[in-house]
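One structure below.
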Amino acid sequence: MEKIFAEVGEKEVTEAIVSEFSKQFLEYIESDCIIVGGGPSGLIAGIELAKDGFKTLVIEKNNYLGGGFWIGGYLMNKTTLRAPGQEILLELGVPCEEVKPGLFVADAPHCISKLIARACDCGVKFLQLTMLDDLVLKEENRVSGVVVNWTPVSSMPKAIACVDPIALTAKVTIDATGHDASCVKKLEERGLIKTKGCGAMWISASEDLVVEHTKEAYPGLIVIGMATATTYGLPRMGPTFSAMFFSGKKGAEIAKEITRSYH
Ligand code: 48H
């Protein structure tokens with residue numbers, strides 16, 4: 001039989017995966033920025049940082065990237081954006097339709113797949129199935145990275161899963177974990193910050209407030225996206241996503257400043 005595919009076997013395939021993964025993992029033990037959460041806000045922040053040459057790692061607890069952006073609302077996969085969010089879709093090459101003045105609709109799978117592809121093109125690296133377990137807190141209570149474990153470890157009985165997590169360091173960390181605000185909650189557990197919880201839905205107020213409150217919530221930790229609403233008690237916006245984009249972009253600019261002045 002004439003063979004179509006290259007003469008490569010089991011050993012070489014396993015070797016390729018282990019050596020390339022290890023090489024990247026070693027390189028990213030120390031990053032400029034670690035983004036926890038690979039939803040829309042985290043991906044946009046990653047794009048903005050990586051395209052300007054900042055070494056950026058996204059930690060995502062699920063296998064898939066994209067967070068809550070695969071779907072619009074109520075299991076319907078049309079997403080909405082209020083102007084000027086459509087400008088970002090245009091930059092990404094995602095078609096959208098203006099259904100009412102200032103209200104745009106697009107296919108959610110198209111939006112998220114383009115966002116993921118753009119993040120990869122810009123050089124963002126990812127660790128999937130990796131869960132935030134804790135923060136690295138040093139230098140007089142400054143967040144200096146994250147402590148992570150494989151997601152499956154958290155769903156195994158303690159008796160057989162006594163697996164210690166490991167630390168990854170960064171000049172700046174971004175909490176992009178959506179409603180969970182997982183990084184900020186780790187500070188709250190230690191009495192270092194007090195979260196207010198996400199408020200009720202109020203679309204016209206919510207998105208501006210989320211962008212306005214996107215900031216360094218604690219030295220070394222920036223909060224973006226829905227994690228901002230959870231942290232500061234802001235109203236929710238439901239299935240509309242422009243604030244996730246603009247908050248991600250603002251968070252990236254703050255991260256660049258912090259990284260540049262880091263020593
Ligand atoms: C690793 C984690 C951990 C952890 C969570 O939920 P997301 O899509 O978050 P945003 O802020 O980028 O976008 C929010 C948007 O999707 C949304 O929910 C809106 C607009 N809601 C409005 C409303 O009214 O409800 O993505 C967060 C990502 C997910 O992929 C999680 O799996 C991941 O973070 N994540 N990753 N370690 N501890 N916690």
Side-chain angles (χ1 to χ4, degrees), residues 34-48 57-75 77 79-82 85 88 108-109 111-112 115-116 119 126-135 145-155 165-166 168 173-189 195 197-211 213-214 217 221-252:
I34 290 178
I35 300 172
V36 186
S41 67
L43 288 170
I44 282 277
I47 291 168
E48 295 298 318
L57 179 68
V58 170
I59 305 285
E60 171 53 54
K61 73 174 176 185
N62 290 327
N63 190 15
Y64 70 90
L65 301 165
F69 203 27
W70 286 101
I71 213 88
Y74 199 62
L75 295 185
N77 65 2
T79 193
T80 68
L81 288 111
R82 297 160 66 216
I88 294 174
C111 294
I112 197 62
L115 261 183
I116 296 168
F126 296 93
L127 282 180
Q128 296 137 266
L129 283 175
T130 300
M131 207 167 162
L132 180 92
D133 190 80
D134 210 335
L135 298 169
V146 295
V147 180
V148 296
N149 218 333
W150 278 330
T151 302
V153 169
S154 65
S155 48
I166 56 168
L168 301 169
T173 301
I174 296 183
D175 188 340
T177 59
H179 289 267
D180 294 350
S182 305
C183 304
V184 174
K185 291 271 173 70
K186 288 288 160 195
L187 295 172
E188 186 167 39
E189 280 170 21
T195 64
C198 174
M201 198 183 295
W202 183 11
I203 292 179
S204 63
S206 166
E207 293 205 279
D208 288 284
L209 286 169
V210 163
V211 178
H213 285 76
T214 296
L221 180 73
I222 298 165
V223 64
I224 67 174
M226 276 313 282
T228 313
T230 300
T231 303
Y232 297 110
L234 311 176
R236 63 193 299 180
M237 69 292 290
T240 196
F241 285 82
S242 291
M244 300 304 108
F245 288 170
F246 285 83
S247 171
K249 275 179 179 272
K250 183 176 173 187

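These numbers come from the heavy atoms of this one structure, side chains and all, not from hydrogens, waters or symmetry mates. Whatever order the structure lists ligands and atoms in, that order sets their numbers, starting from 1.
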Checklist entry - Does M237 come within less than 4.0 angstrom of ligand 1, counting non-hydrogen atoms of the residue? => result yes
Protein heavy atom at shortest distance from [atom]:
atom: atom 2 (C) of ligand 1; value: K61 CG, 3.7 Å
atom: atom 12 (O) of ligand 1; value: S41 OG, 2.7 Å
atom: atom 11 (O) of ligand 1; value: M226 N, 2.9 Å
atom: atom 13 (O) of ligand 1; value: M244 SD, 3.4 Å
atom: atom 31 (C) of ligand 1; value: E60 OE2, 3.5 Å
atom: atom 34 (O) of ligand 1; value: G37 CA, 3.2 Å
atom: atom 38 (N) of ligand 1; value: S182 OG, 3.3 Å
atom: atom 9 (O) of ligand 1; value: G178 CA, 3.3 Å

Item to check | Heavy-atom check, side chain of I222 versus side chain of T173, under 4.5 Å | outcome: no
Taking all atoms of both residues into account, what is the closest heavy-atom pair of [X] and [Y], and its distance?
X: S204; Y: R82; answer: CA-NH2, 3.7 Å
X: F69; Y: C111; answer: CE2-CB, 3.7 Å
X: V211; Y: A243; answer: CG2-O, 4.1 Å

Contact atoms of ligand 1, heavy-atom distance to [X] under 4.0 Å:
X: A176; answer: 27 (C), 28 (C), 34 (O)
X: G67; answer: 8 (O), 26 (O), 29 (C), 30 (O)
X: T130; answer: 1 (C)
X: G39; answer: 8 (O), 12 (O), 26 (O), 28 (C)
X: G225; answer: 11 (O)
X: N62; answer: 32 (O)
X: D180; answer: 5 (C), 39 (N)

Is the backbone of [Y] close enough, under 3.5 Å, to the side chain of [X] for a donor and an acceptor to pair up by distance?
X: T214; Y: G225; value: no
X: D175; Y: C183; value: yes
X: T79; Y: G72; value: no
X: S206; Y: W202; value: no
X: E60; Y: G37; value: no
X: K186; Y: D133; value: yes

Nitrogen or oxygen atoms of [X] and ligand 1 under 3.5 Å apart:
X: I224; result: no
X: F241; result: no
X: G66; result: no

Item to check | Candidate pair F245 and L115, rule side-chain contact (heavy atoms from CB on, under 4.5 Å), full reasoning | outcome: CA-CA 10 Å; F245 288 170; L115 261 183; 4.0 Å; yes
Next on the checklist: Taking CH2 in W70 as the centre, count heavy atoms belonging to other residues, nucleotides or ligands within less than 6.0 Å. Is the count above 12?
Outcome noted: yes
Checklist entry - If hydrogens are left out, which of R236, M131, E207, H179 has an atom nearest to atom 21 (N) of ligand 1, that is, the closest non-hydrogen atom? => result H179
